[in-house]
There are 2 protein chains.
Amino acid sequence: MTSPLGDGLHKDGKRLTPQRLKVLNLFENIGSGKHLSAEEVHEKLVKSSSKVSLATIYRTLRLLVQMGLLHELELSEGGHRYELLSNGTPDHHHLICIRCGRTEEFENDEVLEAGKVAAKVNGFKLIESSLNVRAICPNCI
Amino acid sequence: MTSPLGDGLHKDGKRLTPQRLKVLNLFENIGSGKHLSAEEVHEKLVKSSSKVSLATIYRTLRLLVQMGLLHELELSEGGHRYELLSNGTPDHHHLICIRCGRTEEFENDEVLEAGKVAAKVNGFKLIESSLNVRAICPNCI
DNA sequence: GTTGATGCAAAAACTTTGCATCGTG
DNA sequence: CACGATGCAAAGTTTTTGCATCAAC
């Protein structure tokens with residue numbers, strides 16, 4: 001049996017384990033706009049009686065980011081947060097209040113095109129682009 | 001004597017202290033493309049015999065970000081990093097290798113325009129926009 | 001069977017906080 | 001001279017690691 005995750009892992013001599021699948025499945029089921037911290041991933045897996053140790057979650061999140069399956073966010077909510085980078089849904093961008101941390105999401109194709117060009121010019125293989133717009137929200141002005 | 005920093009602070013009942021000046025000056029002198037962690041800011045200030053406690057540096061970095069003078073980056077190099085957001089130099093974007101962390105910078109006006117629009121549509125007051133392009137660099141492919 | 005992955009607990013790294021004191025406005 | 005800011009040291013978070021055991025290939 002093959003899977004996108006399995007294929008990517010095997011190419012690198014890495015293994016497809018139940019823990020890795022559980023973490024990725026969690027992101028797939030929760031939807032692509034959600035931002036989860038390592039701790040939250042842990043909690044959710046424990047709740048669904050799929051116990052995976054926190055250490056493994058940290059190791060897995062890093063792996064999935066390096067495989068280009070997750071996106072590591074820094075929205076300054078204390079610690080990193082992660083979101084799914086699914087091929088189906090379009091990349092989205094974040095409008096972030098620098099005072100209270102409130103975030104809004106939006107899409108923009110020109111921005112994606114700019115990312116594509118930048119990667120190409122520098123000889124990089126593109127994974128995804130995201131625009132962070134820092135601003136002050138109406139409540140905090 | 002007035003200063004941009006001083007004015008911004010006073011408006012909020014906050015004070016212009018030597019420590020705050022030293023931190024901001026460090027970023028101004030080092031140039032706007034540099035990414036410093038709290039620890040690095042501390043080291044550099046100690047070296048230039050301007051001792052400021054690490055606790056104060058953390059407090060100051062947060063303050064300067066909330067004032068819109070520094071930008072908190074998401075480059076995943078372990079801990080947060082900061083760079084100057086000077087009004088003189090144009091906003092720049094980052095092309096980041098998800099494997100090794102190597103980063104390249106580039107500029108793009110259309111991206112800035114997209115940020116401006118997003119902020120306006122949502123009623124936010126724009127501070128700055130930055131595009132993060134995640135990719136795999138030639139060495140890591 | 002090899003070798004990579006996991007879990008646990010301990011350690012390291014990063015960041016915040018309480019409180020006495022200092023100094024700006 | 002009031003009240004915000006600092007420094008210090010202690011506490012709190014977040015993340016990594018060593019090592020024995022387990023399990024994918």
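Lettering of chains follows the sequences in order, A, B, ..., and the numbering in each one begins at 1.
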Please state whether the rings of A:His92 and A:His35 are parallel, tilted or perpendicular, taking 30° and 60° as the class boundaries.
parallel
Where along residues 55-66 of chain A does a heavy atom come under 4.0 Å from DNA chain D, residue by residue in number order?
A:Ala55, A:Tyr58, A:Arg59, A:Arg62
Tell me: CG of B:Leu5 to C1' of C:dT24, nearest whole Å?
13 Å
I'd like to check B:Val117 versus B:Lys120 (side-chain heavy atoms, cut-off strictly below 4.5 Å). Are they in contact?
no
Contact string for nucleotides 20-25 of chain D, one letter per nucleotide 5' to 3', B = base within protein heavy-atom range under 4.0 Å, S = sugar-phosphate only, - = neither, reads ---BBS
Using a 4.0 Å cut-off on heavy atoms, which residues in residues 21-28 of chain A reach DNA chain D? List them by number, or say none.
none
Just so I know, are the side chains of A:Leu36 and A:Tyr82 near enough to count as touching, which here means a heavy-atom distance under 4.5 Å?
no
From CZ of B:Arg20 across to C1' of C:dC22 the rounded distance in Å is 14 Å
OP1 or OP2 of C:dC14 less than 4.0 angstrom from a side-chain nitrogen or oxygen of B:His80, does that happen here?
no
Please round to the nearest 0.5 Å and tell me the distance separating atom CG of A:Leu70 and atom NE2 of A:His80.
13.5 Å
Going from CG on B:Leu45 to CD1 on B:Ile57, what distance comes out if it is rounded to the nearest 0.5 angstrom?
5.0 Å
Salt bridge (Lys or Arg N to Asp or Glu O under 4.0 Å) against A:Glu83, all qualifying residues, sequence neighbours excluded:
none
Whichever of A:Gly13 and A:Val52 has its nearest DNA chain C nucleotide further upstream toward 5':
A:Gly13
Mind calculating the distance between CG (A:Leu9) and P (C:dA5) to the nearest angstrom?
8 Å
Would you mind reading off the distance between B:Leu54 atom CG and C:dT17 atom C1', rounded to a whole angstrom?
13 Å
Rounded to the nearest 0.5 Å, the OG atom of B:Ser50 sits from the NE2 atom of B:His42 at a distance of 11.0 Å
ILVMFWY network linking B:Leu126 to A:Val111, side-chain heavy atoms under 4.5 angstrom
yes
Would you give the length of the straight line joining atom OG of B:Ser37 to atom CD of B:Glu43, rounded to the nearest 0.5 angstrom?
7.5 Å
Side-chain heavy atoms under 4.5 angstrom apart, residues restricted to Ile, Leu, Val, Met, Phe, Trp, Tyr: same cluster for A:Val52 and A:Leu54?
no
For the helix from C:dG1-D:dC25 to C:dG25-D:dC1, measure the angle between the helix axis at one end and the axis at the other, each built from five pairs, rounding to 10°.
50°
Length of the CG-P vector between A:Leu45 and C:dG7, whole Å:
10 Å
Between C:dT21 (C1') and B:Gln19 (CD): distance, integer Å:
13 Å
Below 3.5 Å is the cut-off: list the nitrogen or oxygen pairs between protein and nucleotides 11-13 of chain D, distance only.
none

Looking at CE of A:Met67 and CG of A:Leu5, how far apart are the two atoms once the value is rounded to the nearest 0.5 Å?
5.0 Å
Rounded to the nearest 0.5 Å, what separates atom NE2 in A:His93 from atom CG in A:Leu131?
6.0 Å
Tell me the interatomic distance from B:Tyr82, atom OH, to C:dC14, atom C1', rounded to whole angstroms.
10 Å
Taking the basic N atoms (NZ, or NE/NH1/NH2) and the acidic carboxylate oxygens, is any pair closer than 4.0 Å for B:Glu72 and A:Arg134?
no
What about B:Phe27 and B:Leu16, same hydrophobic cluster or not, with Ile/Leu/Val/Met/Phe/Trp/Tyr joined at side-chain heavy-atom distances under 4.5 Å?
yes
Does a side-chain heavy-atom distance below 4.5 Å link A:Val133 with A:Ile96?
no
Single-linkage hydrophobic cluster B:Leu85~B:Leu112, side-chain heavy atoms < 4.5 angstrom:
no
